[in-house]
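All of these numbers come straight from a predicted model, not from anything done at the bench.
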Amino acid sequence: MKYVFFGSPEFAATILKKLTEAGYMPEAIVCNPDEPVGRKKIITPPAVKQLAISNNWNIKILQPKKLSDIKDDLKKINADVFIVAAYAKIISKEILEMPNLKTIGVHPSILPKYRGSSPIQSAILNGEEETGVSIFIIDEKVDHGPVLAISNKQKIAGENYPELSAKLADLGGGLLVKILPDYLNGKIKPQTQSESDATFTQKFSTKDGEVDLKKDSPKIIFGKVKALNPDPGVFTYIETKKGRIRLKILDAELENNNLKLLQIQPDGKKPMAYKEFLNGYKPI
RNA sequence: CGCGGGAUGGAGCAGUAGUUAGCUCGUCUGGCUCAUAACCAGAAGGUCGUUGGUGCAAUUCCAACUCCCGCAA
């Protein structure tokens with residue numbers, strides 16, 4: 001089987017790793033361009049590219065700004081199927097339908113629930129007790145195509161976004177490897193999604209991470225802390241002897257509906273335990 | 001040159017131009033207690049980021065540098 005892998009972040013890298021471990025080496029990978037990260041603007045390649053480089057895979061790495069720029073390259077590869085995991089760009093119909101086995105996607109939710117760009121964070125934020133991973137055929141509407149397989153349920157038990165994402169990537173990668181042979185042989189019958197059950201998620205912004213420790217309910221704050229870290233993060237303002245400071249909330253736990261802050265970070269300081277913060281800052 | 005905060009014992013913070021640099025926490029020792037993250041007594045532990053400058057005197061003033069971090073992208 002010849003395939004091209006589309007994906008950029010850690011979630012995608014985990015899935016690609018599973019595929020290659022199972023003997024499926026892509027002809028090429030397509031990921032976002034290297035981007036400057038942080039204050040120092042260090043040029044950082046996406047996780048998928050790093051995986052390929054660190055393993056010295058002799059495959060093509062395509063990092064187009066626009067997918068239309070690499071149409072011809074993709075055509076030349078003459079792949080049987082495209083596999084997409086968290087690529088972050090909308091892929092045009094023309095490209096999706098290039099391979100005769102079309103393009104399949106891995107989406108970290110149980111479709112048709114939580115379509116869109118932040119399924120994992122949204123599930124945590126909404127206090128879902130479990131979620132899962134879906135594999136489906138991608139069409140031109142976002143996360144809309146017929147479903148090939150749905151993973152076992154994954155319990156959500158206080159994980160934060162990166163932790164849950166890692167688990168789901170693992171789960172999704174495993175499922176993909178498992179069903180791929182059947183899909184290639186045409187043994188799987190795609191199931192159309194129920195449109196009436198569909199829900200959508202959107203990206204979060206800094207503003208979504210602002211909380212008020214006094215006014216907001218502990219449960220909601222807790223959900224945000226787990227879902228929105230490390231990016232865009234959760235923050236609040238707190239009055240101390242020295243004045244009002246901005247405080248990021250990195251980790252917390254919920255105990256009998258009381259929010260207990262564990263790890264915080266004052267503006268301009270390193271992350272620290274809340275207990276240590278109290279030693280020096282004396283909130284009012 | 002995008003904006004800004006910071007560097008003081010293991011941690012978080014104060015602080016001052018001048019014989020012994022403080023506080024909260026932690027650590028160690030002893031005591032109390034059925035017991036404890038509680039309490040009492042005591043102890044160890046700091047070239048006050050680096051380099052240079054001005055002072056009789058600098059950790060405290062000035063300059064440069066290094067490193068850390070928040071925002072923005």
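Regarding A:F277, its CZ atom lies at a distance of 18 Å from the P atom of B:G5, rounded to whole Å. Distance, A:F235 CZ to B:G4 C1': 16 Å, rounded to whole Å. The separation between A:D267 atom CG and B:A72 atom P is 10 Å, rounded to whole Å. Straight-line distance from the CG atom of A:L278 to the C1' atom of B:C25: 10 Å, rounded to whole Å. Distance, A:K207 NZ to B:C71 P: 15 Å, rounded to whole Å. For the pair A:Q263 CD and B:C69 C1', the interatomic distance rounds to 14 Å; values are reported in whole Å. When rounded to the nearest whole Å, the span between NZ of A:K248 and P of B:G5 equals 18 Å. A straight line from CG of A:N32 to C1' of B:A73 spans 16 Å, rounded to a whole angstrom.
A distance of about 8 Å separates the C1' atoms of B:U54 and B:C62, rounded to the whole Å. A gap of 11 Å separates the C1' atoms of B:A58 and B:U16, to the nearest Å. Across B:C68 and B:G30, the matching P atoms stand 42 Å from one another, rounded to whole Å. Separation of the C1' atoms belonging to B:G46 and B:C40 is 27 Å when rounded to the nearest angstrom. Across B:G45 and B:A35, the matching C1' atoms stand 31 Å from one another, rounded to whole Å. Between the P atoms of B:G26 and B:A21, the separation comes to 24 Å (whole Å). Straight-line distance between the C1' atoms of B:A14 and B:A37: roughly 26 Å, to the nearest whole Å. Spacing of P atoms, B:C67 relative to B:C61, comes out at 23 Å, to the nearest Å.
Other residues, nucleotides and ligands contribute at most 12 non-hydrogen atoms within 6.0 Å of the CD atom of A:Q202.
By the side-chain contact (heavy atoms from CB on, under 4.5 Å) test, A:E128 is found to be paired with A:Y114, A:A123, A:N126, A:I156, residues two or more places apart in sequence or in another chain being considered. Partners of A:Y87 according to the ring-ring contact (aromatic ring centres under 6.0 Å, His included) rule, which considers only residues two or more places apart in sequence or in another chain, are A:F6. A:E130 is linked by a side-chain hydrogen bond (donor to acceptor under 3.5 Å, both in side chains) to A:K155, counting only residues two or more places apart in sequence or in another chain. With sequence neighbours excluded, the residues satisfying side-chain hydrogen bond (donor to acceptor under 3.5 Å, both in side chains) with A:S205 are A:D208. Listed by chain and number, the residues in a side-chain hydrogen bond (donor to acceptor under 3.5 Å, both in side chains) with A:Q193 are A:R115 (sequence neighbours excluded). Applying the side-chain hydrogen bond (donor to acceptor under 3.5 Å, both in side chains) test to A:D170 and every residue at least two apart in sequence or in another chain returns nothing. Among residues two or more places apart in sequence or in another chain, the ring-ring contact (aromatic ring centres under 6.0 Å, His included) test is passed with A:Y24 by none.
Looking at A:K226 and A:E159, their side chains never come closer than 4.5 Å, going by heavy atoms from C-beta outward.
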Which atom pairs, donor and acceptor, lie under 3.5 Å between side-chain atoms of residues 60-67 of chain A and protein residues at least two apart or in another chain?
{"residue": "A:Q63", "atom": "OE1", "partner": "A:K49", "partner atom": "NZ", "Å": "2.9"}
{"residue": "A:Q63", "atom": "NE2", "partner": "A:N32", "partner atom": "O", "Å": "2.9"}
{"residue": "A:Q63", "atom": "NE2", "partner": "A:D34", "partner atom": "OD1", "Å": "2.7"}

Can you list, pair by pair, the side-chain donor-acceptor contacts under 3.5 Å of residues 253-278 of chain A, counting residues two or more places apart and other chains?
{"residue": "A:Q265", "atom": "NE2", "partner": "A:K269", "partner atom": "O", "Å": "2.6"}

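One finds no side-chain N or O of A:Y281 lying less than 4.0 angstrom from the OP1 or OP2 phosphate oxygen of B:G12.
Taking the syn range as angles within 90° of 0, the glycosidic angle of B:G55 is syn.
The pair A:K71-A:E94 counts as a salt bridge, with a side-chain nitrogen and a carboxylate oxygen less than 4.0 angstrom apart.
Within residues 268-276 of chain A, the residues having any heavy atom under 4.0 Å from RNA chain B are, by residue number, A:G268, A:K269, A:K270, A:M272, A:E276.
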Quiz item: Given pairs defined as Watson-Crick or G-U wobble with both distances under 3.5 Å, what dot-bracket annotation applies to RNA chain B, with ( ) intrastrand, [ ] crossing, | other strand and . unpaired?
Solution: .((((((..((((....[...)))).(((((.......))))).....(((((..]....)))))))))))..
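Toward the 5′ end of RNA chain B lies the nearest nucleotide of A:Q265, the other residue of the pair A:T206 and A:Q265 mapping further downstream.
Panel note: side chain A:S122, backbone A:P119; no donor-acceptor pair is recorded below 3.5 Å.
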Protein-nucleotides 37-40 of chain B N/O pairs closer than 3.5 Å?
none

